[in-house]
Every structure is written in C-alpha cells, then in structure tokens.
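We're numbering straight along the sequence, starting at 1.
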Amino acid sequence: MVRANGAVSLRELARVVQTSEVTVRRDVRALEAEGLLDRRHGGAVLPGGFTRESGFPQKSHLATAEKTAIADLAAGLVEEGEAIVVGAGTTTQELARRLARVPGLTVVTNSLLVAQALAHANRVEVVMTGGTLRGSNYALVGSGAEQSLQGLRVSRAFISGSGLTAERGLSTSNMLSASVDRALVQAAAEVVVLADHTKLGTDTMFQTVPTDLITRLVTDEPPAHDDRAGTELQALADQGVQIAVAGASGAPGGDQVPARQQQRRDVPVPGPRRGQLPSAGPGLRTATALGDPGQGAERARVADLRRR
C-alpha cells in the first residue's frame, strides 16, 4: 500500500487488514527495521518520503475519515453571506464540498480542487487567484497568485498544511505553497487551521502560519495511545489557540455536536495580526470567539486525551 500510495495511515492499514492498530504498529516497526519504509506520526511513508511533498493521489488516501469529520466541523463555522479564503489541500477540498450549501458565500481560493467542488453551487461565488499551476496539488502558486491577493480582506482563512507544532505553528514542505498560504492568511481577520491528528507534532521545512497567528484549530481526536498528539494539543491550547475536536467517524453522537455548538475552546480571539487592518471592512462579518463558557473545562478535556 505504501508503494502504491506513497504514504498510508495506521488507521487505514488496520481497517484494510482487519486487525488492531497495535498489531499494525508492531509490523510497521519491523518493516522499518528492514529498511522497507519509514515510520511517521500516525502512519508510514516510503524511505526518505518526508523530504519531499506527497502528491494529491497519495494525500487523498491518508486519514480520509478524519478529514471528513474535520470538514463537517469546520463547515459549521461558516455563516451565510461571509467572504472567506480557502487554501489548497485534501482537507480543504472536503470542506469546500460542504460549503456548497451555504447561501451568499464568497470563496477566494488558489485551489482548482476547491473551485471544482464549488463550481455548481448556485449561491456561492468563487474567486480564483492568478498564478502558475502546481500539478502535484492542483494549486496556483507564484508571484501571480500572491499579487492577486493584495488588498483583499475577508473574515476567515481556512488553511491546511503538512505539519503543526505549538513551537513553530503550521508548516509545509514546499516553498511556493507556503508563500501563497501566507498571503491568504494576511487577507483574513481570523485563521482556522484544519489538521488531522497525524500532523500534530510534525514540523516541516517552510513555516506557513506561526502559532500566535492561529485563531482556531479543527482536528480529530487522537488515538488513546498517541501521547505526542495529546501533548501538542495541550501546548497549542496553552498558547491561546481555540481547539475544536471532531469525532473520527464524522457521525453524530461521537465527539461531535450539532453545528454552531461544536466543541470549541473559549479563549479570547488574538488581537490584530501584524499588518492587519483595524476593521474587517463593510459587508464582512468580524471574527467572534465561539465556545462553551470556561477555559478550564476544555483544558481538562485535552489533558484527559493525553492520559488516555
């Protein structure tokens, strides 16, 4: 499976071979000892695969259930009539499919996959950046993309990446993609990062969004044995990032609750970012802190995830 897809998650392996993640993890260690693959947080890749960015076909097979649950939760943050930016990625593509049902929405994106997902939405306006096409992830990059974002102002940016740590923030393994993502973030009053648990604690070459500029993280619940992801979630929360955790199955009754009442961290929204205009501008909704009262309860929940 790794040879065919370039990368695979432990959850997906366990599902396909119908065994436990504990068994899969043991076998992956044995395969790594033989030099057949490299273990990564929550999965495995071809030897040396971490140094290069996986293409869309490889990424689309990783953590599919988790990405679906994250997209469901993130879609609940978007309100009718908003103007937002959505970056490139397989998770943001899942989000775009759900945004097609939000009336009066304006979506600015550099992703052909996001635009395609919204192409037939009757009441959603799609604005694409210029730029040069990167075939590996179907995104427009380069100076043309960055220049087309100058002077833009929207309420929220939904961004994904290759890794997320409390120390360094969101990062990616491609310089051109990182540069465009930074331009997308600068256009938004609020930054929402979409990252499944396999990316927590992973640091890649090019920083996209430092931690102090991330308003909210939407992720899935890490496995009980995943101490690193739980520790990273706590560290992000300690730095003021609002945490929303979706059930991996994406089904009601798990860790999810109905839209608009999703699990969120009630902490103050960070103040204006460097270079941010003092106002969101006419016609744009300002960012608000969403969440259940009390920061302590959510911190206790994250700590409980770590213990489990």
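Listed by chain and residue number, N110, S111, N137, A139 satisfy the side-chain contact (heavy atoms from CB on, under 4.5 Å) test with A88 (two or more places apart in sequence, or in another chain). Contacts of R29 classified as salt bridge (Lys or Arg N to Asp or Glu O under 4.0 Å), with partners at least two apart in sequence or in another chain: none. Taking the side-chain hydrogen bond (donor to acceptor under 3.5 Å, both in side chains) definition, one finds that T23 meets it with S20, sequence neighbours left out. Qualifying side-chain hydrogen bond (donor to acceptor under 3.5 Å, both in side chains) partners for S160, counting only residues two or more places apart in sequence or in other chains: K199. Not a single side-chain hydrogen bond (donor to acceptor under 3.5 Å, both in side chains) links R101 to another residue, sequence neighbours left out. For A14, the side-chain contact (heavy atoms from CB on, under 4.5 Å) partners two or more places apart in sequence, or in a different chain, are E21, V24. Under the salt bridge (Lys or Arg N to Asp or Glu O under 4.0 Å) criterion, R97 pairs with E94, sequence neighbours left out. In this structure R123 satisfies the side-chain hydrogen bond (donor to acceptor under 3.5 Å, both in side chains) test with no other residue, sequence neighbours excluded. Under the side-chain contact (heavy atoms from CB on, under 4.5 Å) criterion, L118 pairs with A96, L99, A100, V107, V114, V124, V126, sequence neighbours left out. Every residue two or more places apart in sequence or in another chain was checked for a salt bridge (Lys or Arg N to Asp or Glu O under 4.0 Å) with E125, and none qualifies.
Looking at heavy atoms from C-beta onward, V245 lies out of side-chain contact with L73 at the 4.5 angstrom threshold. Looking at heavy atoms from C-beta onward, R156 lies out of side-chain contact with T215 at the 4.5 angstrom threshold. Considering only heavy atoms from C-beta on, L200 comes within 4.5 Å of L217 through its side chain. Contact of the D181 side chain with the V209 side chain is not registered, since no non-hydrogen atoms from C-beta on lie closer than 4.5 Å. With a 4.5 Å cut-off on side-chain heavy atoms, I84 and F158 count as touching.
Between the side chains of R134 and S177, a donor-acceptor pair is found at a separation under 3.5 Å.
Within the structure, salt bridge (charged side-chain N to carboxylate O under 4.0 Å, His left out) contacts touching residues 157-173 (residues at least two apart or in different chains) are R168-D203.
Across A178 and F206, no two heavy atoms sit closer than the pair CB-CB, 3.7 Å. The nearest pair of heavy atoms linking G87 to L184 is CA-CD1, 3.8 Å. Among all heavy-atom pairs drawn from L170 and I214, the shortest one is N-CD1, 4.2 Å. Listed here is the closest heavy atom pair of T204 and S171: OG1-OG, 2.7 Å.
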Under 3.5 Å, side-chain donor or acceptor atoms of residues 140-148 against the rest of the protein: list the pairs with distances, not counting sequence neighbours.
from : atom 1 : to   : atom 2 : distance (Å)
E146 : OE1    : S179 : OG     : 3.2
E146 : OE2    : S179 : OG     : 2.7
S148 : OG     : G130 : N      : 3.4
S148 : OG     : G144 : O      : 3.4
S148 : OG     : A145 : O      : 2.7

Original post:
What's the verdict on side-chain contact (heavy atoms from CB on, under 4.5 Å) for R25 and L10, showing C-alpha distance, side-chain angles and the deciding distance?
Top reply: CA-CA 7 Å; R25 187 174 295 102; L10 294 181; 3.8 Å; yes
Subject >> Check against side-chain contact (heavy atoms from CB on, under 4.5 Å), L112 and M128 >> reply: CA-CA 8 Å; L112 298 187; M128 294 206 68; 3.5 Å; yes
**OP:** Please assess I159 against L194 for the test side-chain contact (heavy atoms from CB on, under 4.5 Å), listing each intermediate value before the final yes or no.
**Re:** CA-CA 6 Å; I159 301 293; L194 310 182; over 6 Å; no
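Between the side chain of E232 and the backbone N or O of A166 there is at least one donor-acceptor pair closer than 3.5 Å. At least one donor-acceptor pair closer than 3.5 Å links the side chain of S155 to the backbone N or O of A83.
Of the charged side-chain nitrogens involved, none lies within less than 4.0 Å of a carboxylate oxygen, so that D196 and K67 do not count as a salt-bridged pair.
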